[in-house]
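Whatever order the structure lists them in is the order used to number ligands and atoms, beginning at 1. The structure displayed is predicted, hence computed values, not measured ones.
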Amino acid sequence: MTELTSNDVPRVDGMPQFGLGTWKNEDPDACANAVATALEMGYRHIDTAQAYENEEHVGRGIAEADVERDDVFLATKVFIDSLTHDDVIASTEESLEKLGVDYVDLLYVHWPARTYDPVETLPAFEELKDDGKIERIGVSNFQRRHLERAREVLDEPIFANQVEMHPFLQQRELRAVADEMDVELVAYSPLARGAVFDDPVLSDIAEKHDVSEAQVSLAWLREKGVTAIPKATSESHIRDNWESLTLGLDAEDVRRIDAIERVDRRVDTDFAPWNAR
Ligand code: NAP
């Protein structure tokens, strides 16, 4: 097999449709090493957030890797306690400082919750874009009504909506909304935080192709045109996920995964909009 390179990753409007997640990768060295290992393997999309409290370590990993910063697609997220206009600006400047970069490629509203107010929050994102501090505006955990309201307020396009997606949370409605609104869908927890390893359908397909269940889930997401950002710490997990790029599922595999009825939402905070009363 010829070695996979960063050029093998499909891109949409400059965003590599496969990346590395970093939630819960809080140990400074483990986090920096995972980021540097992934970049040297060929990953070019790194996902972090203010709330992960690891932006410094992610920044160190980027600096340590033998890859130019401009070749990395770097995304972070503003947390729900910093979504007033002034806090968006100040906290993003702090993020840039911690990450050791002049701009991020994508800045997300992490959740439409607590201090989120479209008319306060979103113009601050536009200002950051005008100032060259962010290249694209993203949202996360948004439902149709939040996307519609954000589009009324924003002059700039919404580039992506990052939501939980995997074979046990297939997000048919949000995928249709994203298509309709021309917004990219980025799948978080694409391995269902480990639950993909105990599903008979995924295990059967994995065995058939002699790959891991992680690769099956990631290849299925790719098949749906969705960007996946699996989090992995060890080099072997980072590589296993990377090699999903060579796995082609056949129509029968995809049909079987589409038909999985198990529903398992892995990230379910009390401030999530689906829990709002
Ligand atoms: P995930 O990527 O579905 O699963 C991560 C877990 O799977 C970790 O325990 C990891 O272990 C393990 N793993 C990874 N690759 C593996 C492999 N090939 N074989 C066996 N185990 C493997 O879960 P996630 O971290 O929740 O989601 C991914 C990223 O999405 C996050 O890191 C974060 O960047 C983002 N996210 C965003 C939001 C949001 O609200 N926007 C919410 C959740 C997550 P090791 O670490 O030990 O390798």
If the plane angle is over 60° it's perpendicular, under 30° parallel, otherwise tilted; pick one for His110 and Phe79.
-> perpendicular

Are the charged groups of Arg255 and Glu252 less than 4.0 angstrom apart, N to O?
-> yes

Determine whether the side chain, the backbone, both or neither of Asp240 has a heavy atom under 4.0 Å from any heavy atom of ligand 1.
-> side chain

Contact region, Ser189 to ligand 1, non-hydrogen atoms below 4.0 Å, reads both

Where is the nearest protein heavy atom to atom 21 (N) of ligand 1: which residue, which atom, and how far?
-> His237 CE1, 3.4 Å

Less than 4.0 Å between a side-chain N and a carboxylate O, is that true for Arg172 and Asp258?
-> no

Value for CD1 (Ile205) from CD (Glu213), rounded to nearest 0.5 Å, stands at 10.0 Å

Thr227 side chain to Phe18 main-chain N or O, any donor-acceptor pair under 3.5 Å?
-> no

Could you tell me whether Asn25 approaches ligand 1 through its side chain, its backbone, both or neither, with non-hydrogen atoms closer than 4.0 Å?
-> neither

Can you sort out which atoms of ligand 1 are near His110, meaning under 4.0 Å from one of its heavy atoms?
-> 39 (C), 40 (O), 41 (N)

Protein heavy-atom partner closest to atom 5 (C) of ligand 1 - residue, atom, separation in Å | Lys231 O, 3.4 Å

Can you list the atoms of ligand 1 that are under 4.0 Å from a heavy atom of Ala232?
-> 14 (C), 15 (N), 46 (O), 48 (O)

Atom 43 (C) of ligand 1 sits nearest the protein heavy atom Tyr188 CD1, 3.2 Å

Quick one: look up the protein heavy atom nearest atom 3 (O) of ligand 1 and list residue, atom name and how far away it is.
-> Leu191 N, 2.8 Å

Trp111 near ligand 1 by a heavy-atom separation under 4.0 Å = yes

Ligand 1 atoms in contact with Ala192 (distance to a heavy atom under 4.0 Å) = 3 (O)

Expected output: side-chain Gln215 to main-chain Asp240 donor-acceptor under 3.5 Å | yes

Does a salt bridge link Asp182 with Arg151, judged by any charged N lying under 4.0 Å from a carboxylate O?
-> no

Could you tell me whether Glu164 and Arg193 have a side-chain N and a carboxylate O separated by less than 4.0 Å?
-> no

Among protein heavy atoms, which sits nearest to atom 33 (C) of ligand 1, and what does the distance come to when rounded to 0.1 Å?
-> Tyr52 OH, 3.3 Å

Are Glu55 and Ser95 linked by a side-chain donor-acceptor pair shorter than 3.5 Å?
-> yes

Looking at ligand 1, does any of its N/O atoms fall within less than 3.5 Å of an N/O of Lys77?
-> no

Going by heavy atoms, is Ser212 under 4.0 Å from ligand 1?
-> no

Any non-hydrogen protein atom below 4.0 Å of atom 24 (P) of ligand 1?
-> yes

Looking only at distance, does Val267 have an N or O less than 3.5 Å from an N or O of ligand 1?
-> no

